[in-house]
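Here is the naming used below: chain letters follow the sequence lines, and residue numbers restart at 1 for every chain. We use all heavy atoms of the structure for the numbers below, so side chains are in, but hydrogens, waters and symmetry mates are not.
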Amino acid sequence: MDVEGEVPAAAAAAIANGLGGGEEASPAPFSAEQLDVEAYAAQYSGRTRLARLIFIADRCGVEAMQLEALRMAYDEIKRGEDVQLHRDVAVKINGRLGPRYGLDQAWVDTVARRAEQRKEKLENELNGYRTNLIKESIRMGYNDIGDFFYAHGQLSDAFKSYIRTRDYCTTSKHIVQMCMNVILVSIELGQFAHVTNYVSKAEQTPDSLDPIIVAKLRAAAGLANLETKKYKFAARKFVETGIELGNNYSEVIAPQDVAVYGALCALASFDRSDLKSKVIDNINFRNFLELVPEVRELVNDFYASRYGSCLGHLEKLKPNLLLDIHLHEHVETLYTDIRHKAIIQYTLPFISVDLNTMATAFKTSVSMLEKELAALITENKIQARIDSHNKILYARHADQRNTTFQRVLQTGNEFERDVKSMLLRANLLKHDYIQRTGPRKM
Amino acid sequence: MESLEALVAHIQGLSGSPEEVAHLHSLLKQADGDSLRSHAAALVPFLTHLSPEAHSLGYLYLLEACATSGANLGADFLVTVADFLTACSADQIRLAPDKFLNVCRVFKDQVMLLNTPIRGIAPLRAAVRKIQASPEQLTPVHAEYLLLCLLAKQYKAGLSVLEDDIFEVDQPKDLFLYCYYGGMIYIGLKKFPKASELLHNAVTAPMSSLNAIAVEAYKKYILVSLIQNGQVPSFPKYTSATAQRNMKNHAQIYVELSTCYGNGRYTDLETFVESNAAVFQSDNNLGLAKQVLSSMYKRNIQRLTQTYLTLSLEDIARSVQLDTPRDAEMHVLRMIEDGEIHATINQKDGMVSFHEDPEQYKSVEMVEHIDTSIQRLTALSKKLASIDENMACDPAYLLKGGITGDSTTTTSTPFHTSIFEMI
């Protein structure tokens, strides 16, 4: 057996400390250089940019990076109208960025006052439309109120307003717009059940949709499946996402994210043939992969059985992925799944595997590998047994004939036992039955 | 009121043909009662005039009067009863089963009083066979017999009764006792699958209110299931609602034990058993609890055989949490001897090689075994079919079906569905 194991020394080192086992996703263990916060933030727009910046600040554990993220968030917020977020960020900065980045009470007051007036105006307008019963105007009115609440960070109110427009939608375009709004707010609220719901609603509209919208819906559905841990569905959705997505959906997701999420979910859940047909040979998805060469490399490595280098790439990506607002919770699970998949695939074609060679390929020690294999065998994911003495893994081919005999005898015994005790119970019930009904007849 | 002499004469005269015996039975019924009982002391000499085989019915009446009077029961009496039980005619005594059961019960009590349960085994075994209308019938003597077997530690003797399958039950209490004692006998013989089967029957038997026997049976059932399978199956859906609802509250410690077992850590289990030893002791289950403890090693070792071809004793000791490789060697050795795993130990380098099950299912014995299994099962399914047919024709069932629904074919009583669900 032979596996290419040319992995850069840096990757090897990363594996040594990362792949060994359950390293916890505690917020800290990485260097600040790896993530260029500014470039990262530039991929996004709208509230998700703020959310992501604040998330990074909370999780990264490196002060310079934290302050950088907070400073950008602060500037961004000042351009918007979310008072609450401004207060939160000011508290987080805690004066560390000098007086310019403190709580700006004057700004808060102006914005709040303006917001109050605007809200009143919008509500008055809406009431007017409602008395006049003009459907389109009511819809617009609700939409405006929804936009207003959204801009001010009152997400659940925004959600309600958007939902209300539903009754006043007259064309499929309106429905799609309503769905997109709801999806946007739901993602931010973390309510992914709504996302799936409204994605399917939007897809069911009779008119053919704009390719950009389709791509957006796919991405949103993928995200929802990812968050609900349905990695296989998530992978399918991401892989189907059209390249038209581009930077059009930057208020939710960047095309780079689609590549990373899709690739990781696919590696963790697709089998080999699916991986080839749906990911590697998928021209559409390849465009996404080109955006993140590292991920492309790792998918190809995985498919070409260069597991060492694949796992190396993964390990390099890990710190950044942990700072991703959507992926961070799933990184560990996905990584374990990918690793298990790799091990299973590695052993699959062989009758016997030398654990030493395999350990080198996976950049781990023989004893650690043995433990992992033992766990996988116990879970019945690998049909093999370990020769711990000679450090060889032997594939185990179940003897159909013997197992059938065994099962038949066992089933027979069970049947006999069950029927006997059933007859006994039946007789008991019969006895009881006679006893109770007997006197009544007399 | 006839004199005793006349009665004895009747007995001697009327013990021939079935008609005569029936006539005698009515005579005896008249004579029975306090009058006979008050003469109890005087009855014993008359017994010598009667033969237990030929005059079984009369003998039984007199014996029962003696036994229930509570007087003058000595060692001689035991011998008389024992002789009667082995010698009596089954046809005659079945005319008065109550009397017979009374005699058996007094006999059992006496034997236990004298602390010589072993003396009662042979006579009661004979008694079981005599009173049974068919080998499928459960009688109250069954439980008494099994109790004596348990007390005398003659577990093998109990098997002769246990190996017959029981279907006909008169009193539910008999069944509970039968299952409970039977389970204990199988536990004594370390035949855990059979034990769990019997205890399972006791636990799942229909019951409208909880009884102590079932609770004790459930406790033992948990322990036996852990020893046998490493887990306790949940209640099947045919278990009575009463049992499902209340059983666990009465066996809290045992339920906790099974949870603890499920966690798979030997030390936790050990401390749990130790800290609750008093409870297990008071339930007389401490021995079983300890067997549960050691079964955990076995289970873990068995799991290793699924994963490894060879493993050093040291690794075995480590992964099943034994202290030294020597302990591991002992455990593995014992399991190989008991046929629980297939392996060889290489003492030179301390390696154990696990093998696959060498059974190839082509030996003559195996074929015969399979053949008998098939025959047993076909017989069983025939029986099942005939019972089902009988039930479909049972007036009581049809009546009930007619009352609860419009047509008997579409509505089914819980009784009937229980059978269909099982199959």
How long is the gap from [atom1] on [X] to [atom2] on [Y], to the nearest 0.5 Å?
| X | Y | atom1 | atom2 | value |
| --- | --- | --- | --- | --- |
| A/D418 | B/H200 | CG | NE2 | 7.5 Å |
| B/M351 | A/D387 | CE | CG | 7.0 Å |
| A/M422 | B/F167 | CE | CZ | 9.5 Å |

Handout entry: Quiz item: cation-pi between A/R425 and B/Y238, 6.0 Å / 45°
Key =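 Relative to the ring axis of B/Y238, which defines the angle, A/R425 lies inside both limits.
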Problem - Top contributor to chain A interface from B/L138, B/N201, B/L198 [non-hydrogen pairs under 4.5 Å] - result: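 Option with the top pair count is B/N201.
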Exercise for the section: Begin from the C-alpha positions of A/R417 and B/K194 and carry the test side-chain contact (heavy atoms from CB on, under 4.5 Å) through to its verdict. Expected result: CA-CA 9 Å; A/R417 200 189 58 213; B/K194 289 295 270 181; over 6 Å; no
Exercise for the section: Apply side-chain contact (heavy atoms from CB on, under 4.5 Å) to the pair A/I386 and B/L309, showing each step before the final yes or no. Expected result: CA-CA 5 Å; A/I386 302 166; B/L309 271 176; over 6 Å; no
Practice task
Could you tell me whether the side chain of A/R385 and the main chain of B/T305 form a donor-acceptor pair under 3.5 Å?
Solution key: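 Such a contact is found between A/R385 side chain and B/T305 backbone.
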Exercise for the section: Count the heavy atoms of every other residue, nucleotide or ligand shown that sit under 6.0 Å from CD of A/Q400, and state whether that count exceeds 12. Expected result: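 It does not: A/Q400 CD has 12 such atoms or fewer within range.
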Practice task
Return yes when atom CD of B/Q347 has more than 12 non-hydrogen atoms of other residues, nucleotides or ligands closer than 6.0 Å, and no otherwise.
Solution key: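 No, not enclosed.
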Exercise for the section: Determine which residues belonging to residues 310-319 of chain B lie within contact range of chain A, meaning some heavy atom pair is under 4.5 Å apart, and list them by number or answer 'none'. Expected result: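 The residues closer than 4.5 Å to chain A, in numerical order, are B/T310, B/L311, B/D315.
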Any side-chain heavy atom of [X] sitting closer than 4.5 Å to one from [Y]?
| X | Y | value |
| --- | --- | --- |
| A/L423 | B/I387 | yes |
| A/L373 | B/T307 | no |
| A/F405 | B/Q360 | no |
| A/H389 | B/Y308 | no |

Problem - Region of B/L304 in contact with chain A, defined by heavy-atom distances below 4.5 Å - result: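 No part of B/L304 comes within 4.5 Å of chain A.
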Problem - Structural part of B/S208 lying under 4.5 Å from a heavy atom of chain A - result: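 Looking at B/S208, nothing touches chain A.
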Exercise for the section: Please name the pair of heavy atoms, one in B/L380 and one in A/E416, separated by the smallest distance, quoted to 0.1 Å. Expected result: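 The pair with the smallest heavy-atom distance is CD2-CA, 3.8 Å.
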Problem - Interface moiety of A/L409 toward chain B, non-hydrogen atoms closer than 4.5 Å - result: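 For A/L409, the side chain is the part near chain B, not the backbone.
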